[in-house]
Undergrad: 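One structure follows; several queries about it will come next.
What you see is a predicted model, and the numbers here were worked out from it, not measured in a lab. Atoms considered below: every heavy atom in the structure, side chains included; atoms not considered: hydrogens, waters and symmetry mates.
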Number of protein chains: 4
Amino acid sequence: MLNYGDLVFLWSPRKGDCFLLRLSKGAVQGSRLGQLRHDDFVGRTYGEVVQSHNGEVFALLRPTLGEYLRRVKRNTQIVFPKEAGFILMHLNVGPGSKIVECGTGSGSLTCAFAHFVGDHGHVYTYDRREEFSQLARRNAERWGVADRITFKVRSLDEGFDERDADAVFLDLPTPWDYIDKAREALAPGNRIGILVPTFNQIERTLDELRSQGFADPQVVEILLRYLKTDPRRLRPEDVMVGHTGYLIFASKCEPGLYDGLTSRSKGSEPEQPLEDIQEDCVD
Amino acid sequence: MLNYGDLVFLWSPRKGDCFLLRLSKGAVQGSRLGQLRHDDFVGRTYGEVVQSHNGEVFALLRPTLGEYLRRVKRNTQIVFPKEAGFILMHLNVGPGSKIVECGTGSGSLTCAFAHFVGDHGHVYTYDRREEFSQLARRNAERWGVADRITFKVRSLDEGFDERDADAVFLDLPTPWDYIDKAREALAPGNRIGILVPTFNQIERTLDELRSQGFADPQVVEILLRYLKTDPRRLRPEDVMVGHTGYLIFASKCEPGLYDGLTSRSKGSEPEQPLEDIQEDCVD
Amino acid sequence: MLNYGDLVFLWSPRKGDCFLLRLSKGAVQGSRLGQLRHDDFVGRTYGEVVQSHNGEVFALLRPTLGEYLRRVKRNTQIVFPKEAGFILMHLNVGPGSKIVECGTGSGSLTCAFAHFVGDHGHVYTYDRREEFSQLARRNAERWGVADRITFKVRSLDEGFDERDADAVFLDLPTPWDYIDKAREALAPGNRIGILVPTFNQIERTLDELRSQGFADPQVVEILLRYLKTDPRRLRPEDVMVGHTGYLIFASKCEPGLYDGLTSRSKGSEPEQPLEDIQEDCVD
Amino acid sequence: MLNYGDLVFLWSPRKGDCFLLRLSKGAVQGSRLGQLRHDDFVGRTYGEVVQSHNGEVFALLRPTLGEYLRRVKRNTQIVFPKEAGFILMHLNVGPGSKIVECGTGSGSLTCAFAHFVGDHGHVYTYDRREEFSQLARRNAERWGVADRITFKVRSLDEGFDERDADAVFLDLPTPWDYIDKAREALAPGNRIGILVPTFNQIERTLDELRSQGFADPQVVEILLRYLKTDPRRLRPEDVMVGHTGYLIFASKCEPGLYDGLTSRSKGSEPEQPLEDIQEDCVD
């Protein structure tokens, strides 16, 4: 049974309007389909059909992590679910993992990490801006994962306190300045993830990753296209997000990997990582 | 220290060639950079630089779940990491979750679910083809998550045995025939996920989801574009995967949601779900 | 030297704001960089630097066809330059061509055809809505190509008046109803083009094209992504057009092409038309 | 009636296989559906159904410019129809235009320009490699447009011979080295087009265009996705071209456009050029 403080997702079958609310005593959410009174939803359960003050019906649903993260309060560009999901799959993350991250920002990716590391894992997240750390903490509290996160408010100049992390993620304007710090924190053979919005940043980051001996660099962008859901008029949405950022991944390796290689031959033209081509499979 | 049975990922700095191996006594992997002898890697640790029989260097890395799933043995089209990561974010999945899935196929998504539900969660997966179930089990064993999975070899005609699942996923040629079974298994207010490759299947699936009262239907496709990683010649790869499938999501709701609505007004033109536009945020 | 009636394109180096104007005596275009007085631009020439009333500089440029068509007055969805350019390349269009089109709409594609068929070609365009025909005529006049176009205001129920057209283009809600009419108008072996926004329309159109013996059906969508042009922060625009429509092409062939073929074997899985793979080249 | 030297496009309804041939006496094209004997097609007309030596039917079709250009003999990366069509719309090209181009390459874009400028226009194309010029000339001859093209075999170091060109196009590894030459050749207020494959080249080209006072820079990439054409199983092709190149456009303007502007304010964040948003339209 739902109570104050719980998160609910309300969706209208008539307009497709939707709202993600944290139930608060006396609060009212305005909508073009009438007022949604929080008090009306206390004592109900997920999956019920509820109404606005003027009788418009809404489905009362359990919010997903993805839906929540798209709507967290933010004072920065956030890491979106499409990137967060891909990051989870391509770093060494899972229940019990120790993850290190900088910067915290609005805590979107921090929450995703904390959600999936479970009670036996932990996330250490750095940001030198106090107000960001506080916002991220609040966002994590509302999703119920704040106790799995240590928020540190300081710059990375002294490096990370952690060692042997299962994964390190950097979301900073100049990630190339901190790859040495990330390297110290990361367990050998494990993978770093980095998010940057511009081509110029990719270039400098790749240069630094190689000069620090990181192996298997990959750069990828993810495009998401929603479809309109009228079954008689199926088609993509007219407008889509054209760009959020580029994800860069690479693996920590001991020194010497590139010794004796000219820059031209440093794996500059890797095999095509086509997802649907099974060239070799593990046996 | 690595031992027989462990998974390793080998990457060449010279060619970008890479191999995901399960170390087996006496086994040898051929490559255009010389033989990779499994015995040579036992006793080493992730992050070391190793060599093929003729002295070509490789980085010895810890494989990620994403890399593993791209290379599992398969006798079906698999669910790829780009979709798996997105599914994780948009269903109610996390440490401790109970997930129900049909069909198992080669077990790619099954492994991803099992990885993230942890030791306190469980995955129930159905497939009527014995050989698929066995292949999927082997793939799960190699990733070390088979004990979190119950493999059931039967058709869905009698429905799922489970109730109150946190999430249900269907990867079947005719998902519309089994949405009633999925509905029985799913906890109220929770979300179903479905993967289909063709437009025609989207149409029939959306129709059935609505007639069964599911709320908040969404259809999305994910395009992934890798970049070539030469920092001096940054550009996308020449060839990319143009299509794997469409993901459909919807939430179980009690009956009556669409009563009195004409089909035309059934949320047919929902609000634009633009990822980077923050229209309302949870407070 | 520019005179009243001429088209000019004004672009600000400071804000990137731009305006496409037809010079009219006494007219003034407002802008956040000050008023642009048409009279100030008469007597100037393309390529000059001009000013708004308060001294903000603008480049005075010759508009391209693409820029013009993006800005024609419209009361319908228009065919955009990205599709128009592709259509030009994939139909039999060029100086001297005879093109037949239905419907006219706002005349965007009509103008593009008329531009490229030159003084020795002609475009016949049908629309049953008088106000659309008039709008399209005005748009064509302003680009200076109206004398190459015959505007017909009637439905297609009686079919086209023309025969042996070099190309036929249909931009209608139910193109499948008019493929027989298009077939009558088109010269043998030549190609029809069709634009539809939804998957469902593709399905019905392909069915009808095959049942009427059209050969070599192709369906394609074009995605355009603009980049931000700050050289220090190169990256794609945040938002892009996710969908305009699908282009369908097929070639008129005499009857009997599909005789004795089951529907399953009717070229349903053509060779991959990858643009950068040269499998066979003409010698 | 078709004769030797004519171009024909053959398409099989059974397999979707297709061939673009120039009919030559005695020539035979092998195919997995039997031999296609050129002599059999002489005297036939476009639109007929013809057969291979063993009775498999093919449609005998008129090739489009787009189909031809995808199959020209090449010893370079060519400009593909998807880019060529967009270029036509966004430069000042049409019947009667004077176009200047460097380098010729395999002549793909040269042919497209020559096709659309008609008998009263002309294309001047430069390449310092004799063998490229000859290949391009042969490709143009086969499409019947060679008499509209002047092929010049020399480097651009002395600049172009032409002045007041309606459009200039550069397809060179270092376009920034030749923008001054292009500027000399181009008529004021007109637009230059440039094709480059890498991010790094975009950066340097934009820098040079600005320092030479070019206005309204735009950078765009075009993604094309073909669909499989089975109406019962509509879906995108599994593999698509992920990258060919970036198109850069800008307009020649007299000096002084950027005077007094800091680099930061030089139109670095232009208005969103969304194709389907009609902010201002020409009146």
Undergrad: Would you say the side chains of B:T205 and B:E208 form a donor-acceptor pair under 3.5 Å?
TA: no
Undergrad: Give, as side chain, backbone, both or neither, the part of A:A167 having an atom under 4.5 angstrom from any heavy atom of chain B.
TA: neither
Undergrad: Does one side chain, of B:S108 or B:R70, offer a donor that lies under 3.5 Å from an acceptor on the other?
TA: no
Undergrad: Going by atom types only, do B:S31 and B:K15 share a side-chain donor-acceptor pair under 3.5 Å?
TA: no
Undergrad: Relative to chain A, which segment of B:A112 carries a heavy atom at a distance below 4.5 Å: side chain, backbone, both, or neither?
TA: side chain
Undergrad: Let me know if A:V49 has heavy atoms under 4.5 Å from chain B in its side chain, its backbone, both or neither.
TA: both
Undergrad: Step by step, would you call A:I222 with B:K82 a side chain to side chain contact (heavy atoms under 4.5 Å, CB included)?
TA: CA-CA 8 Å; A:I222 304 170; B:K82 70 184 171 95; over 6 Å; no
Undergrad: Under 4.5 Å heavy-atom distance to chain B, tell me which part of A:F249 shows up: side chain, backbone, both or neither.
TA: neither
Undergrad: Heavy-atom distances under 4.5 Å only: say whether A:L234 touches chain B with side chain, backbone, both or neither.
TA: side chain
Undergrad: What residues, two or more places apart in sequence or in another chain, satisfy salt bridge (charged side-chain N to carboxylate O under 4.0 Å, His left out) together with B:D164?
TA: none
Undergrad: Side chains of A:K73 and A:S106: do they bring a donor and an acceptor to under 3.5 Å?
TA: no
Undergrad: Name the option with the most non-hydrogen atom pairs under 4.5 Å to chain A; the candidates are B:D216, B:I248, B:I202.
TA: B:D216
Undergrad: What part of A:P63 is in contact with chain B, defined as an atom under 4.5 angstrom from a non-hydrogen atom: side chain, backbone, both or neither?
TA: neither
Undergrad: Test of understanding: with ring-ring contact (aromatic ring centres under 6.0 Å, His included), list the residues that count as partners of B:F214, not counting sequence neighbours.
TA: none
Undergrad: If you count heavy-atom pairs under 4.5 Å with chain A, which of B:Y46, B:F116, B:Y246, B:F199 comes out on top?
TA: B:F116
Undergrad: Under 4.5 Å, counting heavy-atom pairs only, tell me which of A:K252, A:E203, A:E67, A:R204 racks up the most with chain B.
TA: A:E203
Undergrad: Contact part of A:R191 toward chain B, heavy-atom cut-off under 4.5 Å: side chain, backbone, both or neither?
TA: side chain
Undergrad: Find the one option among A:A187, A:P236, A:P188 whose heavy-atom pairs under 4.5 Å with chain B are most numerous.
TA: A:P188
Undergrad: Sort out for me which of B:L206, B:V219, B:L91, B:L60 touches chain A most, counting heavy-atom pairs under 4.5 Å.
TA: B:V219
Undergrad: Under a 4.5 Å heavy-atom cutoff, which of A:G96, A:P231, A:G66, A:G256 has the most pairs with chain B?
TA: A:P231
Undergrad: Parallel, tilted or perpendicular: which describes the rings of A:F86 and A:H90, with under 30° parallel and over 60° perpendicular?
TA: parallel
Undergrad: For each of A:L65, A:I87, A:D259, tally heavy-atom pairs with chain B at distances under 4.5 Å, and name the one with the top tally.
TA: A:L65
Undergrad: I'd like to know if the side chain of A:E56 pairs up with that of A:S12 as donor and acceptor (distance under 3.5 Å, no hydrogens or angles considered).
TA: no
Undergrad: Any salt bridge linking B:D6 with B:R22? Criterion: basic side-chain nitrogen under 4.0 Å from a carboxylate oxygen.
TA: no
Undergrad: Using a cut-off of under 4.5 Å on heavy-atom pairs, state which of A:V93, A:L69, A:L7 scores highest against chain B.
TA: A:V93
Undergrad: Relative to chain B, which of A:L247, A:N139, A:L223 shows the most heavy atom pairs under 4.5 Å?
TA: A:L223
